[in-house]
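Down below is the structure, laid out as structure tokens.
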Amino acid sequence: MSVLVVTGTGTEVGKTVTTAAVAAAALSRGRSVAVLKPAQTGVGPDEPGDAAEVARLAGDVTLRELARYPEPLAPDTAARRAGRPAVRPHEIAEAAEKLAAEHDLVLVEGAGGLLVRFDETGATLADAARLLDAPVLVVAHAGLGTLNATALTGEALRARGLRFPGVVIGSWPVDADLASRCNRTDLPEAAGAPLLGAVPERAGALPPADFRAAAPGWLAPRLDGVWDAERFVKGTA
């Protein structure tokens, strides 16, 4: 995978911290990494955005942001309200391809969920992934309600002929409730794709050095980690 698109089943599911973990694990294997944030919303011009947070946690990554809008809204709405140009799928694809020519791995972090609108035509991150022919990693919530959201996202990916390598739980609770414990088993079935990791809650609050050291233990080998899905599902990891 030279380009990996990272989306979520919704907002606040741990997508940025998961992106940082994937970047850190790749860096630990000696791979060069770039992070592309097509549309950053809800952040002022001089404030650090999601890409900067990935770099803070993961380390030496190349950052690229295509557009920034001040209001915390879907990119299409935020661009329209700001009176600024929207980001188009072909622009995302072109930027990712340029980065891929110089890096072993390019992580394209979307905004919100897979089908959030990027422009007035209704174009989405899925359209950019199709242009790139890139796999899409889905970050999901651990608890109640996640099965439906994950199943819908997986169905949307398959309907578009997009590759779906698996799901990462973006914030695995220290004290998992019954729904979260059951979802360890049920998420792969709902998604139609394997679990590829579980990032602990508040992982983003760790000192960067500790985050980088721990990240491979949160991710499966397919994501350059050493995490064992079978042990996790059994509750022994």
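Everything numeric here is computed off the predicted structure, so don't read it as measured data.
- Looking only at distances, no side-chain donor or acceptor of Lys37 sits under 3.5 Å from a matching main-chain atom of Arg64.
- We find the CG-CZ distance between Asp224 and Arg29 to be 5.5 Å, quoted to the nearest 0.5 Å.
- The hydrophobic clustering, which links ILVMFWY residues whose side-chain heavy atoms are closer than 4.5 Å, places Leu131 and Val108 apart.
- Between Ala21 and Ala215, the shortest heavy-atom distance links the atoms O-CB, 3.7 Å.
- Hydrophobic clustering places Leu63 together with Leu27 (ILVMFWY residues linked when any side-chain heavy atoms are closer than 4.5 Å, directly or through intermediates).
- Without hydrogens or angle criteria, Thr146 side chain to Ala142 main chain gives no donor-acceptor distance under 3.5 Å.
- With Glu97 contributing its side chain and Leu132 its backbone, the two residues share no donor-acceptor pair below 3.5 Å.
- Residues Phe211 and Trp218 are in side-chain contact: their nearest non-hydrogen atoms beyond the backbone lie under 4.5 Å apart.
- A heavy-atom distance below 4.5 Å is not found between the side chains of Val174 and Pro200.
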Go through the steps for Val6 and Val22 under the test side chain to side chain contact (heavy atoms under 4.5 Å, CB included), then give the verdict.
CA-CA 10 Å; Val6 183; Val22 175; 5.8 Å; no
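- In this structure, NZ in Lys15 is found 9.0 Å from OG1 in Thr9, a value given to the nearest 0.5 Å.
- In terms of modelled atom types and a separation under 3.5 Å, the side chain of Ser32 and the main chain of Asp104 share a donor-acceptor contact.
- Atom CZ of Arg202 is surrounded by 12 or fewer heavy atoms from other residues, nucleotides or ligands within 6.0 Å.
- Side chain of Arg68 to main chain of Gly44: a donor-acceptor pair is present (N/O by atom type, distance under 3.5 Å, no hydrogens or angles).
- Side-chain contact check for Asn183 versus Leu147: some heavy-atom pair is nearer than 4.5 Å.
- No side-chain heavy atom of Phe164 sits less than 4.5 Å from a side-chain heavy atom of Thr153.
- For the 3.5 Å distance criterion, the side chains of Asp177 and Ser180 qualify, holding a donor opposite an acceptor.
- Ion pairing between a basic and an acidic side chain is recognised when a charged N comes within 4.0 Å of a carboxylate O; Glu94 and Lys98 show no such pairing.
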Side chain to side chain contact (heavy atoms under 4.5 Å, CB included), that's the test. Do Leu223 and Leu4 meet it? Break it down for me.
CA-CA 10 Å; Leu223 297 175; Leu4 177 64; 4.1 Å; yes
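- Within a 6.0 Å sphere centred on CD of Glu71, heavy atoms belonging to other residues, nucleotides or ligands number more than 12.
- Between His103 and Thr62 there is a side-chain heavy-atom pair separated by less than 4.5 Å.
- Taken together through direct or relayed side-chain contacts under 4.5 Å among Ile, Leu, Val, Met, Phe, Trp and Tyr, Val116 and Val87 form parts of separate hydrophobic clusters.
- Counting heavy atoms from C-beta outward, Tyr69 and Arg81 have side chains that stay 4.5 Å or more apart.
- Remark: Glu120 CD is packed, more than 12 non-hydrogen atoms of other residues, nucleotides or ligands lying under 6.0 Å away.
- Interatomic distance, CZ of Phe232 versus OG1 of Thr185, reported as 9.5 Å (0.5 Å rounding).
- Note: the hydrophobic cluster containing Leu66 also contains Leu125 (ILVMFWY, side chain heavy atoms under 4.5 Å, direct or indirect links).
- Across every non-hydrogen atom of Trp227 and Leu196, the tightest pair is CZ3-C, 3.6 Å.
- For Thr124, the side-chain contact (heavy atoms from CB on, under 4.5 Å) partners two or more places apart in sequence, or in a different chain, are Leu115, Ala126, Asp127.
- Side-chain atoms of Thr41 and Leu73, non-hydrogen and from C-beta on, never get closer than 4.5 Å to each other.
- Minimum interatomic distance between Arg212 and Leu57 (heavy atoms only, all atoms of both residues): NE-O, 2.9 Å.
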Derivation and outcome, salt bridge (charged side-chain N to carboxylate O under 4.0 Å, His left out), residues Glu53 and Arg56:
CA-CA 5 Å; Glu53 177 66 2; Arg56 184 186 74 82; 2.9 Å; yes
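- Two residues are said to be in side-chain contact when any heavy atoms from C-beta on lie closer than 4.5 Å; Arg163 and Asp133 meet this criterion.
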